[in-house]
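Structure first, commentary second.
Keep in mind it's a predicted model, so treat the numbers as computed, not measured. Numbers here are sequence positions counted from 1. Whatever order the structure lists ligands and atoms in, that order sets their numbers, starting from 1.
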Amino acid sequence: MSIPPLSNVPTHVAIIMDGNGRWANKRGLPRTMGHRKGVEAVREAVRTAGEVGVRYLTLFAFSSENWTRPEDEISDLMGLLKAFIRRDLADLHRQNVRIRVIGDKTNLRSDILPLLLEAEETTRNNSGITLVIAFNYGARDEMARAMRSLAVDVKEGRMLPEQITPERIASRLDTAGIPDPDLVLRTSGEERLSNFLLWQAAYSELLFVPELWPDFNRDSFLAALERYATRERRFGGLSKPATLAVGS
Ligand code: IPE
Ligand code: IPE
Ligand code: MG
């Protein structure tokens, strides 16, 4: 199917992929089946984003709070992440996708960290869409780590407190160098951010859609982009006048 002409395509779309468990529950299946199906939706979302010209796609894969889930679910999710990178890395590389991982990488399991680093390293010079995987990610944790690194610079005399600016804070976040998301989208009907990109989403458009993540397909993505295109962003300023009246 060809792509309908899209106007005002966001540079950066960030997605809270929610609803895998409910998708499985509705079918009387174990939650892990929802996560499995969710991986297919990830593949489709990356393809669609690339097709329409989105430059950065951030996917919330596992939060720093998701460790509170039952051990067997965590182990399923880790297994799926590993399988995804093992199976899809070569294909993503061929698609010229550049992978970045955000989240706390310290103390990650020894079977996960090397795979994440390999994905980043293999694709670092690619020039296509940047796929940002938020893994072991929590915005408050990210901000605390950034503040700590600034505090060390101040303590050791490399920076004065008054030199701490929003730009310097942003440059210490995991997302350094990545533009703020234009659109933050959450599936499953929940209307909250759940500790996702709290700093970066200051002026993002928020969109909450009812589809459960495993059901979120190309058409759902295109429909979301169409809704985004009608939004008027102001960044605290005034909206642009449509046309100047003659003689004004
Ligand atoms: C999102 O689906 C995937 C992760 C959080 C890893 P959920 O597992 O949160 O599914 P629901 O919200 O329970 O339906
Ligand atoms: C947010 O979803 C995290 C991910 C999608 C990875 P959750 O399902 O963990 O969020 P809450 O608990 O409903 O707020
Ligand atoms: Mg959920």
request  = Taking only heavy atoms of R69 into account, list the atoms of ligand 1 that are under 4.0 Å away from them.
outcome  = 5 (C), 7 (P), 8 (O), 9 (O)

query = Considering only the protein, which heavy-atom contact is closest to atom 10 (O) of ligand 1, and what is its distance?
reply = G21 N, 2.9 Å

request  = For D111 and P114, work out which heavy atoms get closest and say how close.
outcome  = C-CD, 4.2 Å

query = Which is it for R22 and ligand 2 at heavy atoms under 4.0 Å: side chain, backbone, both or neither?
reply = neither

inquiry  = Looking only at N, O or S atoms, which one in D18 sits nearest to the Mg ion (ligand 3)?
reply    = OD1

For atom 14 (O) of ligand 2, closest protein heavy-atom neighbour = S194 OG, 2.6 Å

inquiry  = Are any of the N/O atoms on S63, whether in the backbone or the side chain, positioned under 3.5 angstrom from an N/O atom of ligand 2?
reply    = no

request  = Start with the C-alpha distance between R22 and E190, add both sets of side-chain angles, then the distance that settles side-chain contact (heavy atoms from CB on, under 4.5 Å), and finish with yes or no.
outcome  = CA-CA 12 Å; R22 278 164 282 168; E190 305 297 346; 3.0 Å; yes

key: Identity and separation of the nearest protein heavy atom to atom 2 (O) of ligand 1   = N20 N, 3.2 Å

query = Hey, which atoms in ligand 2 end up nearer than 4.0 Å to a heavy atom of I16?
reply = 1 (C), 5 (C)

message = Heavy atoms only, cut-off 4.0 Å: how does N66 contact ligand 1, side chain, backbone, both, or neither?
response = side chain

note = The answer for which part of F62 has a heavy atom under 4.0 Å from ligand 2 is backbone

message = So if I apply the ring-ring contact (aromatic ring centres under 6.0 Å, His included) rule between F60 and each of W213, F135, F196, which one comes out positive?
response = F196

ask   = By number and element, which atoms of ligand 1 are closer than 4.0 Å to a non-hydrogen atom of A61?
value = 6 (C)

inquiry  = Taking the cut-offs as 6.0 angstrom to the six-membered ring centre and 45 degrees off its axis, would you call R27 and W23 a cation-pi pair?
reply    = yes

request  = For D72 and S75, test the side chains for any donor-to-acceptor distance below 3.5 angstrom and give the result as yes or no.
outcome  = no

message = At less than 4.0 angstrom from any non-hydrogen atom of D18, what atoms of ligand 2 do you find?
response = 2 (O), 8 (O)

message = When you measure from the side chain of R100 to the backbone of D174, do you find a donor-acceptor pair of N or O atoms at a distance under 3.5 Å?
response = yes

Interfacing atoms of ligand 1 (cut-off 4.0 Å, heavy-atom, H35) = 3 (C), 8 (O)

key: N8 CG to R233 CZ distance, which is reported to the nearest 0.5 Å   = 8.5 Å

query = Between S204 and D180, is any side-chain donor less than 3.5 angstrom from a side-chain acceptor?
reply = no

ask   = To the nearest 0.1 Å, how far is atom 6 (C) of ligand 2 from its closest protein heavy atom, and which atom is that?
value = F60 O, 3.4 Å

message = Please tell me whether T106 and R145 have a donor and an acceptor in their side chains that are separated by less than 3.5 angstrom.
response = no

task = Go through the side-chain N and O atoms of H35 and D76 and say whether any donor and acceptor fall under 3.5 Å apart.
result = no

query = Are any of the N or O atoms of R31 closer than 3.5 Å to those of ligand 1?
reply = yes

ask   = Under 3.5 Å, is there a donor-acceptor pair between the T130 and R98 side chains?
value = yes

message = Do S220 and E211 pair up side chain to side chain, a donor and an acceptor below 3.5 Å, judged on atom types alone?
response = yes

ask   = Mind checking whether S188 has a heavy atom under 4.0 Å from ligand 1?
value = no

query = Protein heavy-atom contact under 4.0 Å for atom 12 (O) of ligand 2?
reply = no

task = Just jot down the ligand 2 atoms closer than 4.0 angstrom to any heavy atom of R192, in number order.
result = 11 (P), 13 (O), 14 (O)

request  = Please write down residue, atom name and distance for the protein heavy atom closest to atom 1 (C) of ligand 1.
outcome  = M17 O, 3.0 Å

inquiry  = Taking 2.8 Å as the cut-off, does E190 contribute an N, O or S atom near the Mg ion (ligand 3), distance below it?
reply    = no

